[in-house]
Amino acid sequence: MNEKMTVSHQPQVRKKQPLQLVLSIVCLVIGVMSLAVSWIKVPMINLMAGTLALVGLVLSIISLVKMARDTRGIHIFTIAGAVFSVIALLVTIVVSSTTAAANQKLVKAPYFQTPYSSGKMYKSEGQLDNAYLKIEDISVTPGDKYFSPTISVRVKWKNTSDDEKTFFDAISIKVLQNGKRLTDRDFHDAYVAAPNSWRTEELIFNLDNGSSDITVIGADNVPSPNQDKVVQKFSVRAGKALEQ
């Protein structure tokens, strides 16, 4: 009787083993993949690596529990997958933390460089190719039932080129709110500035809403991959400039 019962249970264990082997291999592959991309200092890829490592770790734990319960043995692929997933998760956390700390240091510097460009990003004022630009003041005009709210940007600039230029010949100003570029309202004709002379301009933009923060970006009128920029963030709700 005991022999028959033993024989009847053996095929069930053998049927479970291939599935457990597949799960072990999946754990190993996910662990290796997450570890391979966890070193990349790109936020989206870093987040993907962390998610992948977490999934691999959960699957490895499930696989370990199933194998210990069903076959009374643990496959080396499952252990390796769990180890790789844990290492990938730790690397992801470290890379994410160091990247955030590095970005914070760059923001506190007189200028900082964007990750995908060698151009400098100045806070509030800085030297562009053909002009020195300073964002002097930003103010909000509330809207009413007839007009939408607006943002007024006053800038002071110096023509540092060798030729006479208007403001719009030398500089391009754009204002972003919730990732959307705002439309300008009253771009008047700018005066011609002689070389090394200063001018003041006031630009008005229609706000998308009266609460979300905005970002003012000044750059050379002719765009380029290595373009320098002057940036100022502003709280519409509080009515004051924000630290970057």
Side-chain angles (χ1 to χ4, degrees), residues 1-109 112-119 121 176-181 208-209 211-215 225 231 233 235 237-238 242-244:
M1 184 66 177
N2 292 336
E3 291 180 358
K4 289 181 179 180
M5 290 179 65
T6 303
V7 172
S8 63
H9 281 291
Q10 286 179 352
Q12 294 180 5
V13 174
R14 289 173 182 172
K15 287 181 181 179
K16 292 180 180 178
Q17 286 178 348
L19 295 177
Q20 291 165 347
L21 178 60
V22 170
L23 183 58
S24 298
I25 294 174
V26 169
C27 294
L28 178 62
V29 171
I30 292 177
V32 171
M33 288 177 59
S34 60
L35 183 59
V37 298
S38 62
W39 301 89
I40 301 176
K41 296 181 179 180
V42 177
M44 287 301 297
I45 296 179
N46 190 256
L47 178 61
M48 182 184 69
T51 304
L52 203 61
L54 193 59
V55 171
L57 183 59
V58 170
L59 289 178
S60 297
I61 292 173
I62 293 173
S63 178
L64 288 170
V65 171
K66 284 181 63 64
M67 297 187 87
R69 184 185 62 190
D70 297 340
T71 63
R72 299 185 182 278
I74 298 175
H75 203 284
I76 186 65
F77 287 171
T78 305
I79 298 175
V83 171
F84 285 139
S85 295
V86 170
I87 295 174
L89 198 58
L90 294 175
V91 170
T92 300
I93 294 171
V94 171
V95 170
S96 177
S97 301
T98 54
T99 302
N103 289 339
Q104 186 67 23
K105 289 180 180 178
L106 288 173
V107 169
K108 292 180 179 179
F112 58 93
Q113 291 179 310
T114 60
Y116 310 107
S117 170
S118 59
M121 193 84 76
L176 303 179
Q177 187 176 41
N178 295 327
K180 175 184 176 182
R181 182 169 182 173
D208 195 47
N209 62 73
S211 58
S212 301
D213 297 343
I214 64 163
T215 302
V231 178
K233 293 183 178 180
S235 171
R237 189 185 299 274
L242 297 173
E243 291 296 328
Q244 302 181 62

Which atom of [X] lies closest to which atom of [Y], heavy atoms considered:
X: S24; Y: T78; answer: OG-OG1, 2.6 Å
X: G31; Y: S34; answer: O-OG, 2.9 Å
X: V37; Y: A49; answer: CG2-CB, 3.5 Å

To the nearest 0.5 Å, what is the distance between [atom1] ([X]) and [atom2] ([Y])?
X: I61; Y: C27; atom1: CD1; atom2: SG; value: 10.0 Å
X: L35; Y: T92; atom1: CG; atom2: OG1; value: 8.5 Å
X: S63; Y: L28; atom1: OG; atom2: CG; value: 11.0 Å
X: L64; Y: L23; atom1: CG; atom2: CG; value: 9.0 Å
X: I45; Y: L52; atom1: CD1; atom2: CG; value: 12.5 Å
X: K233; Y: D213; atom1: NZ; atom2: CG; value: 8.5 Å

- Query: What residue among L54, L57, L59 forms side chain to side chain contact (heavy atoms under 4.5 Å, CB included) with S85?
  - Reply: L57
- Item | Candidates V32, L89, V29 - the one meeting side chain to side chain contact (heavy atoms under 4.5 Å, CB included) with F84 |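 Single side chain to side chain contact (heavy atoms under 4.5 Å, CB included) partner of F84 among V32, L89, V29: V32.
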- Query: If we only count heavy atoms from C-beta on, is the Q177 to N209 side-chain gap below 4.5 Å?
  - Reply: yes
